[in-house]
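This structure is in structure tokens; I'll ask about it shortly.
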Amino acid sequence: MVHVTRIVIIGGGPGGYEAALVAAQLGAEVTVVDRDGLGGSAVLTDCVPSKTLIATAEVMTTFDSSYEELGITVAQDEAADAAKVIGVDLGKVNRRVKRLAIAQSHDITQSVTRAGVTVLRGRGRLGGGGQAVDGSREVLVDAPDGTVQSLRADAVLIATGAHPRELPDAQPDGERILTWTQVYDLDELPRELIVVGSGVTGAEFAGAYQALGSKVTLVSSRDRVLPGEDPDAAEVLEDVFRRRGMNVMGRSRAESVKRIGDRVEVALADGKVIEGTHCLMAVGSIPNTAEMGLEEAGVKLNDWGQIQVDRVSRTSAPGVYAAGDCTGVFMLASVAAMQGRIAMYHALGDAVQPLNLKTVASNVFTDPEIATVGYTAADVECGKMDAVVVKLPLRGNPRAKMQGIRDGFVKLFCRPGTGIVVGGVVVAPRASELIHPIALAVDANLTVEQVASAFTVYPSVSGSTAEAARQLHIRKRVEGES
Ligand SMILES: Cc1cc2nc3c(=O)[nH]c(=O)nc-3n(C[C@H](O)[C@H](O)[C@H](O)COP(=O)(O)OP(=O)(O)OC[C@H]3O[C@@H](n4cnc5c(N)ncnc54)[C@H](O)[C@@H]3O)c2cc1C
């Protein structure tokens, strides 16, 4: 009898469903257990909804920041500012957001079931008792009707994601004090929005609501917004935010948020109190790893409750793998999916390349966008990577001039001797699309000479990438001779 490997995946986000597809293609018998719907938070509450909201914000920004310069006229009554002639129906935007999210979850469910995967609705956890004699493990599924089902698996993948962190003195009420999963229930645009937290999520929402027409205050506990990103990129964004009228409060830690009628009050650690109509809390996330029988099964967690994994997604418990936000490795949908696939390649004996975080491309969906790949300025500064750096402001790029783009740059990092491209940053509208050639160069160990020799379209913003590569070629020659 042919032995078919039984795989049970707990969590149906990108970490889980991408793994399920790979495992089914490799001939395993696959079951996915999910609580909320396939696609996970990525599709239902986080990534897809926020980027759909931002699509509307982007149109507003493009119009607002370029109509005068590009010669567009708007029929308007005399008193009104042209930018205010267009507006946003937030109820309609949010209905579109939810519709798209549900449709995408539905599409994923269809493709997963078409691949032969069994999908169970419910809460999954590891059964007690560790591994059986045959090496299998038990997964228990608490179904919505209260029944409990027991499954046996030769390998289990935990891909349960994470949820928004809440502060004890800033409890969300879903109306005025909100997490990022609750904003899509709003029917009207917040008039005065206070965003607490200036990491990627806080910055994206602050920029989006500012563009949609809210008066935004961004409360950042650090010196500048986006403390984890390239400092030059963060400076450009903070400058743009302020120019557009956002109140960016640096070095301000929010201690509590109170709702008083239809208003909110945010108390800061220095004693100041700021007021608004709504407050969005974006202060990080907590992995969904509690009460899942993990530690009892020998799965090690760190102090933040994240599952410890190696580069092929193995946990400390044999036969148990983990992927995605519950591991805290690099909280991106693309990384979750890659970790999930790698786990299945490993579990099912296929060829496997360990996870390489130095080739991950990521993007902050603000305006301008900030896209990054490979080694960073911080890596160069702390001596982790020896690299030559060139930064070209987009102000000098012909296409950018034609399009009225003033803010942004292309930055490339290469090794001093070989000229191999090891990283890059693009700050520009649609930087998420412009980073791909740099990501390819980093992934394939291309040299600046190879990047410089490829044709770019004239005029194009990506011409600046080739120009940066040409300048790096000269710079490394000069530095090599001196
Ligand atoms: C606002 C926001 C915007 C983002 N935008 C982007 C972006 O643009 N690009 C990007 O790459 N990343 C983005 N991310 C990050 C991205 O959403 C996550 O990295 C991604 O969702 C991780 O996927 P996952 O599979 O680990 O978990 P999730 O997508 O969270 O899926 C986990 C699933 O497991 C289920 N689950 C949890 N516990 C159990 C249980 N015990 N039993 C059964 N099911 C369970 C959950 O209900 C959920 O369905 C964003 C995050 C946020 C907060």
Side-chain angles (χ1 to χ4, degrees), residues 8-20 31-55 97 101 104-105 108-109 119-126 139-144 149 151 156-165 178-184 195 197 199-206 208 280-294 306-307 309 313 322-341 343 360-366 369-372 432:
V8 174
I9 298 170
I10 308 180
Y17 77 77
E18 288 286 345
T31 305
V32 177
V33 183
D34 191 90
R35 218 171 46 179
D36 299 317
L38 289 200
S41 313
V43 169
L44 293 168
T45 55
D46 296 358
C47 184
V48 170
S50 64
K51 263 80 262 184
T52 310
L53 178 84
I54 286 168
V97 166
Q104 195 160 332
S105 172
I108 293 167
T109 310
V119 178
L120 294 180
R121 190 69 180 257
R123 191 180 171 282
R125 58 195 158 97
L126 291 182
V139 172
L140 296 169
V141 183
D142 302 306
Q149 191 177 344
L151 309 170
V156 179
L157 175 69
I158 315 284
T160 47
H163 61 274
R165 183 163 84 96
L178 305 151
T179 68
W180 63 75
T181 66
Q182 295 170 330
V183 292
Y184 308 105
V195 178
V200 174
T201 300
E204 287 186 352
F205 279 109
L280 169 61
M281 300 299 295
V283 289
S285 54
I286 306 280
N288 297 325
T289 52
E291 294 166 26
M292 287 192 60
L294 295 176
Q306 294 158 334
I307 301 173
V309 284
S313 310
D325 283 7
C326 64
T327 69
V329 166
F330 201 145
M331 293 175 78
L332 287 178
S334 53
V335 175
M338 187 61 83
Q339 283 181 295
R341 289 187 211 108
V360 175
S362 63
N363 192 58
V364 185
F365 289 83
T366 42
E369 293 183 358
I370 300 173
T372 312
S432 48

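Because only heavy atoms are used, hydrogens play no part in the values below, and waters and symmetry mates are left out as well, while side chains stay in. Counting starts at 1 for both ligands and their atoms, following the listed order. For reference, positions follow the sequence shown, starting with 1. Being a predicted model, the structure only gives us computed values, none of them experimental.
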N/O donor-acceptor pair under 3.5 Å between Q182 side chain and T179 backbone: yes
Mode of S50 contact toward ligand 1 - side chain, backbone, both, neither (heavy atoms, under 4.0 Å): side chain
Nitrogen or oxygen of G324 less than 3.5 angstrom from that of ligand 1: no
Ligand 1-proximal atoms of C47, by part, heavy-atom distance under 4.0 Å: both
Option whose closest heavy atom lies nearest to atom 47 (O) of ligand 1, chosen from V329, L126, V141, D36: D36
E204 N/O to ligand 1 N/O under 3.5 Å: no
Ligand 1 contact on I10 by region, counting heavy-atom pairs under 4.0 Å: side chain
Heteroatom proximity flag, S41 to ligand 1, N/O under 3.5 Å: yes
Sub-4.0 Å heavy-atom approach of G122 to ligand 1: yes
Nearest atoms (heavy-atom pairs only) where L332 meets V360: CD1-CG1, 3.7 Å
Set of residues satisfying salt bridge (Lys or Arg N to Asp or Glu O under 4.0 Å) with respect to R35, sequence neighbours excluded: none
D34 side chain near V119 side chain, heavy-atom distance below 4.5 Å: no
Beyond-backbone contact of F205 with L53, side-chain heavy atoms, under 4.5 angstrom: yes
Nearest option to atom 40 (C) of ligand 1, as decided by whichever heavy atom of G124, P14, A19 sits closest: G124
Side-chain heavy atoms of I307 within contact of P287, under 4.5 Å: no
Side-chain donor or acceptor of R125 paired with backbone N/O of L140 under 3.5 Å: no
Side chain, backbone, both or neither: R125 near ligand 1, heavy atoms under 4.0 Å: neither
Protein contact of atom 15 (C) of ligand 1 - nearest heavy atom, named by residue and atom, plus distance: M331 O, 3.5 Å
pair L151-L120: side-chain heavy atoms closer than 4.5 Å: yes
Side chain proximity check, K51 to E204, heavy atoms < 4.5 angstrom: yes
Proximal atoms of ligand 1 relative to A336 (non-hydrogen, under 4.0 Å): 22 (C), 23 (O), 26 (O)
T201 and ligand 1 - part of the residue with a heavy-atom distance under 4.0 Å: side chain
Heavy-atom nearest option to atom 26 (O) of ligand 1, drawn from V48, D325, V364: D325
N288, any N or O under 3.5 Å of ligand 1 N or O: no
